[in-house]
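Quick notes on the structure that follows.
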Amino acid sequence: MVIDICGARIIPSIDAELVERCMICNNRTMDRLRAYQIFVAIVARGGFGRAAADLGISPANVSRNVQQLEASLGTRLLERTSRRLALTDSGRDVYERARRVLDEIADLETSFADPDSAARGRLRINAPMTFGLAWLAPLLPEFAAQHPAVELDIRYNDRVIEMTEEAFDIALRISPSGSESQVSRKVAPTRMLLCAAPSLLAQTGDAERSETLRSLPRVGYQFSDTGNVWSLLAPDGSRREIDSPCAVICANGFGMKAAVLRGEGAALLPEFLVHGELASGEIVQCLPTLHSEAMDIRVVYVGRRHLARPARLFIDFVVERFRRVPWESPRR
């Protein structure tokens, strides 16, 4: 008897051992793929226990798979402490490459699936606190209603995170135009404006004179790349720097705006945060002829080709919602 397997003609009496070896090899390959899936889940969820709960297996099974994977690769992937897990350099490389492979497999399966089938999975997002709470958070119920099987895990903070190290799929960042890597999409432009309360300016004089601003107390930002120095561009292209001491330093834009409204100092604030107060007159723009570098709000991700479907949908959703920039003044 001759058996045809995938076009190959096999005589059982001669090739049975070969078939058995192939089956064993295939099982080992599937086991190794499973180990990579478990490792990626540990990094994404930040722990063995949470990965085990997500995957529906025991923590001991998770730990055994990681040990076997480390043994097969001949390198340590994770540093375990009492408080947290940290990727080694090898672990970071394995995580990035394994995740790309697993995402590509998911993309392959998705390409043959019903295009109208529901997207599902966990999506970890990092966003600046001020922009995230003021503008992103109100949009999330709409996205959740459209994609109920996608679990959103969103962390708001102004600290710049390492996406791979902290296992984020997407990050929203605000930075000078053109400074981001190519693995990002522009969401919207914004400007940084010098602002103060009318009550503060009434004590010192003309808001359009730089000498006046130098004499004002200032409200600083804890995470500023330039420290306490404000660098502004004049119409002729020259730079003006203001580096007087700060009376108040805040960890986020909400605190800075509150300090400005109380008259505690002038501040450099994003237009998306103060456009309403500028329109009502509660806050006044100082030195309107000077401006900061153009800024972009961008959504950043690890890899362009291997984005999982929930990430792609979320990016498209955010970009579409800000196609018309709601805080732009009519004169722009």
Can any side-chain N or O of K257 pair as donor or acceptor with the backbone N or O of L273 at less than 3.5 Å?
-> yes

Do L233 and L269 belong together in a cluster built from hydrophobic side chains that touch within less than 4.5 Å?
-> no

In terms of heavy-atom contacts, L200 and G263 come closest through CD1-O, 3.6 Å

CE (M295) and OG1 (T190) are apart, to the nearest 0.5 Å, by 8.0 Å

So, does S63 use its side chain to make a donor-acceptor pair with the main chain of A60 at under 3.5 Å?
-> no

Compare all side-chain heavy atoms of I154 with those of L123 and state whether any distance is below 4.5 angstrom.
-> no

Does any non-hydrogen side-chain atom of Y36 lie less than 4.5 Å from one of V101?
-> no

Can you name the closest pair of heavy atoms from P59 and A52 and give their distance?
-> N-CB, 3.8 Å

Distance-only criterion, 3.5 Å: show the donor-acceptor pairs between side-chain atoms of residues 132-145 and protein atoms not counting sequence neighbours.
unit_1, atom_1, unit_2, atom_2, d
W135, NE1, F272, O, 3.1
E142, OE1, R321, NE, 3.3
E142, OE2, R321, NE, 3.1
E142, OE2, R321, NH2, 2.5

Heavy-atom check, side chain of I38 versus side chain of I57, under 4.5 Å = yes

Nearest atoms (heavy-atom pairs only) where A266 meets W230 | O-CH2, 3.4 Å

Does L216 share a hydrophobic cluster with I249, counting links as ILVMFWY side-chain heavy atoms below 4.5 Å and allowing steps through other members?
-> no

Taking N65 for its side chain and N61 for its backbone only, find out whether a donor-acceptor pair lies under 3.5 Å.
-> yes

Any R218 side-chain heavy atom under 4.5 Å of I242 side chain = yes

Under the ring pair (Phe, Tyr, Trp, His ring centres under 6.0 Å) rule, what do F322 and F131 come out as? Steps first, then yes or no, please.
-> CA-CA 12 Å; F322 288 96; F131 177 79; 5.6 Å; yes

C246 side, atom SG; Q222 side, atom CD - distance, nearest 0.5 Å | 12.0 Å

Hey, any chance M192 and M129 share a hydrophobic cluster, counting ILVMFWY side chains that come within less than 4.5 Å of each other, even indirectly?
-> yes

Connected via hydrophobic side-chain network under 4.5 Å: V229 and V219 | no

Rounded to the nearest 0.5 Å, how far apart are CD of E271 and CD of Q285?
-> 8.0 Å

At their closest point, which heavy atom of D158 faces which heavy atom of A251, and how far apart are they?
-> OD2-O, 3.3 Å

Report yes if some heavy atom in the side chain of F168 is under 4.5 Å from a heavy atom in the side chain of I125; otherwise report no.
-> no

Check the pair N157 / N252 against side-chain contact (heavy atoms from CB on, under 4.5 Å), numbers first and verdict last.
-> CA-CA 8 Å; N157 63 65; N252 60 68; over 6 Å; no

Taking T88 for its side chain and L77 for its backbone only, find out whether a donor-acceptor pair lies under 3.5 Å.
-> yes

Minimal non-hydrogen separation, C195 against C286, with atom names | C-SG, 4.1 Å

If you measure from the Lys or Arg side-chain nitrogens to the Asp or Glu carboxylate oxygens, is any gap between D169 and R124 under 4.0 Å?
-> no

Test item: side-chain donor near acceptor, Y156 and N126, under 3.5 Å | no

What's the spacing between R159 CZ and R155 CZ if we round to 0.5 Å?
-> 10.5 Å

Please report the closest heavy-atom contact between G265 and V260, naming both atoms and the distance.
-> O-CG2, 3.5 Å

Taking only Lys NZ, Arg NE, NH1 and NH2, and the carboxylate oxygens of Asp or Glu, determine whether D316 and R312 approach each other closer than 4.0 Å.
-> no

Heavy-atom side-chain proximity of P128 to L172 below 4.5 angstrom | yes

CD1-CG distance between I283 and L194, expressed to the nearest 0.5 angstrom | 12.0 Å

Considering residues, nucleotides and ligands other than R76, do more than 12 of their heavy atoms fall under 6.0 Å from its CZ?
-> yes

Given side chains that start at C-beta, do those of E282 and L261 come closer than 4.5 Å, heavy atoms only?
-> yes

Side-chain heavy atoms under 4.5 angstrom apart, residues restricted to Ile, Leu, Val, Met, Phe, Trp, Tyr: same cluster for L313 and Y301?
-> yes

So do the side chains of L69 and R32 get within less than 4.5 Å of each other, counting heavy atoms only?
-> yes

State whether the side chain of R298 and the backbone N or O of V300 hold a donor-acceptor pair below 3.5 Å, judged by distance alone.
-> no

Point-to-point distance, once rounded to the nearest 0.5 Å, from CG of L193 to NE2 of H275 | 11.5 Å

Side chains of S231 and R239: do they bring a donor and an acceptor to under 3.5 Å?
-> yes

